[in-house]
Enquirer: 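Take this structure first; my questions come after.
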Amino acid sequence: MRIVTSIAEMQSIARTAHGAGKTIGLVPTMGFLHQGHASLMHEGRKRCDLLVTSIFVNPTQFGVGEDFERYPRDMERDSALAQEAGVDLIFAPAATEMYPSGFETYVDVERLTLPLCGASRPGHFRGVTTVVCKLFNIVQPDVALFGKKDFQQLAVIRRMTADLNMAVGIVGMPIIREPDGLAMSSRNSYLSPAERRSALCLNRAITAARAAFRAGETSVARLRERAEAIIAEEPAALIDYLEYRDGDTLAECSQADHRTLLALAVKIGQTRLIDNGIMGEDD
Ligand code: AMP
């Protein structure tokens, strides 16, 4: 497995691979890899000849006062996990390689980025779509894999890809959870043991909402109360947002159906965690 840090070298490798008739798959990540990332890599391995994962903590998707500086990083461990998961090449550019001085071009998806994480993290999705667009131009993937853990991000990437006619197939992958239900996340490493236990309330709220929906409750107001009550039982948890939205358009809704999304962002102490579930589906 190779580690490439230069954009020019990565583009040259991509050109050569395509010239030889090979397909390229990309799993974009910010590193500190876990089994959620590995599941994307395993699926990517089946879908292409050259499997690339990018590891880049993207400064433009972090707001002022967020955790860009302290975001966990461990290249040695990440390399071992990526290799184990069948990755051929890690693309790990420096921030100055991706954003040299003079950089001033951004990609902005409009309506889909307004609610949820877009509302609580202004500018976040502009950073995400810009870096993913750049990664697509650099790695030239035929297919790129993203997790449903970041449900809105996946919807935004699909929109960008369609709107800008990018020739990349986007694959959405199920949420991978710890055995106790906590969605895997690099940010889980911030949690103390007590916070780690408190963090289980996110999945508990989703599970309870699904159970209520499957028992016949379709009023979003009542489903919201049900999920909010579960978060409220946890003194260390503070809701950033808890919303039911159409799982395809992210539009607000007052009646739930099997495609309704429950999306939540909850602060556990200083750590903001997100999770989600579609009412009529499992992860
Ligand atoms: P990140 O490194 O957190 O930016 O995530 C990189 C990719 O891995 C994104 O497409 C995420 O949605 C995906 N991902 C992160 N955590 C999980 C998880 N628990 N299950 C599935 N995919 C995940």
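None of these values were measured; they are calculated from a predicted model. Atoms within a ligand are numbered from 1 in the order they appear, just like the ligands themselves.
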Enquirer: CG/Leu50 to CD1/Ile24 distance, rounded to the nearest 0.5 angstrom?
Expert: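 Leu50 CG to Ile24 CD1: 5.5 Å, rounded to 0.5 Å.
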
Enquirer: For Met184, take its heavy atoms, then give the atoms of ligand 1 lying under 4.0 Å from any of them.
Expert: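 Result: 16 (N), 17 (C), 18 (C), 19 (N).
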
Enquirer: Could you work out, for atom 18 (C) of ligand 1, the closest of Ile157, Val57, Ile176, Leu33 by heavy-atom distance?
Expert: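 It is Ile176 that holds the nearest heavy atom.
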
Enquirer: Of the choices Ser185, Ser39, Pro174, which has the non-hydrogen atom that lies closest to atom 21 (C) of ligand 1?
Expert: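 Ranked by closest heavy atom to atom 21 (C) of ligand 1, first place is Pro174.
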
Enquirer: Any chance the side chains of Tyr241 and Ser120 put a donor and an acceptor closer than 3.5 Å?
Expert: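 Judged by distance alone, the side chains do not pair up.
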
Enquirer: So if I apply the side chain to side chain donor-acceptor pair (under 3.5 Å) rule between Asp240 and each of Lys267, Arg121, Arg272, which one comes out positive?
Expert: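 Running side chain to side chain donor-acceptor pair (under 3.5 Å) over Lys267, Arg121, Arg272 with Asp240 returns exactly one hit, Arg272.
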
Enquirer: What distance do Thr249 atom OG1 and Leu112 atom CG have between them, rounded to the nearest 0.5 Å?
Expert: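 CG of Leu112 is found 8.0 Å from OG1 of Thr249.
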
Enquirer: If only side-chain N and O atoms count, and only distance matters, is there a donor-acceptor pair under 3.5 Å linking Asn58 with Tyr71?
Expert: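 No, because no side-chain N or O of Tyr71 sits under 3.5 Å from a partner of the opposite role on Asn58.
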
Enquirer: Give me each pair satisfying salt bridge (Lys or Arg N to Asp or Glu O under 4.0 Å) with a member in residues 93-117, each pair once, sequence neighbours excluded.
Expert: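 Qualifying pairs, neighbours excluded: none.
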
Enquirer: Numbering the atoms of ligand 1 from 1, which are under 4.0 Å from a heavy atom of Lys149?
Expert: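 Atoms satisfying the 4.0 Å criterion: 16 (N), 17 (C), 18 (C), 23 (C).
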
Enquirer: Counting from 1, what ligand 1 atoms have a heavy atom of Ile175 closer than 4.0 Å?
Expert: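 What qualifies from ligand 1 is 20 (N), 21 (C).
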
Enquirer: Identify, for atom 11 (C) of ligand 1, the protein heavy atom at the shortest distance, and state residue, atom and that distance.
Expert: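 Checked against all protein heavy atoms, atom 11 (C) of ligand 1 sits closest to Asp150 OD2, 3.1 Å.
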
Enquirer: Looking at atom 4 (O) of ligand 1, what's its closest protein heavy atom, distance included?
Expert: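 Ranking protein heavy atoms by distance from atom 4 (O) of ligand 1, first comes Met30 CG, 3.6 Å.
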
Enquirer: Could you tell me, atom by atom, which parts of ligand 1 come under 4.0 Å of a heavy atom of Phe146?
Expert: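 What qualifies from ligand 1 is 10 (O).
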
Enquirer: Taking all atoms of both residues into account, what is the closest heavy-atom pair of Ile268 and Ala237, and its distance?
Expert: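 Result for this residue pair: CD1-CB, 3.8 Å.
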
Enquirer: His37 near ligand 1, heavy-atom distance under 4.0 Å?
Expert: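 A heavy atom of His37 does come that close to ligand 1.
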
Enquirer: Do ligand 1 and Leu40 have nitrogen or oxygen atoms that lie under 3.5 Å from each other?
Expert: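 No, Leu40 has no N/O under 3.5 Å of an N/O on ligand 1.
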
Enquirer: State if Arg187 counts as touching ligand 1 under the rule of any non-hydrogen atom under 4.0 Å.
Expert: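 The answer is no: ligand 1 sits nowhere under 4.0 Å from a heavy atom of Arg187.
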
Enquirer: Quick one: NZ on Lys22 to SG on Cys48, what's the gap to the nearest 0.5 Å?
Expert: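 Between Lys22 NZ and Cys48 SG, I get 11.0 Å after rounding to 0.5 Å.
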
Enquirer: If you measure from each non-hydrogen atom of His34 to ligand 1, which part falls under 4.0 Å: side chain, backbone, both or neither?
Expert: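 The answer is the side chain of His34.
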
Enquirer: Does ligand 1 come near enough to Leu145 that some N or O of the ligand is less than 3.5 Å from an N or O of the residue?
Expert: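 Among all N and O atoms of Leu145, none is under 3.5 Å from an N or O of ligand 1.
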
Enquirer: Is a salt bridge present between Arg259 and Glu281, judged by a nitrogen-to-oxygen distance below 4.0 Å?
Expert: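 Yes.
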
Enquirer: Considering only heavy atoms, which of Gly147, Pro28, Ala183, Ser54 lies nearest to atom 6 (C) of ligand 1?
Expert: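 Selected option, by shortest heavy-atom distance: Pro28.
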
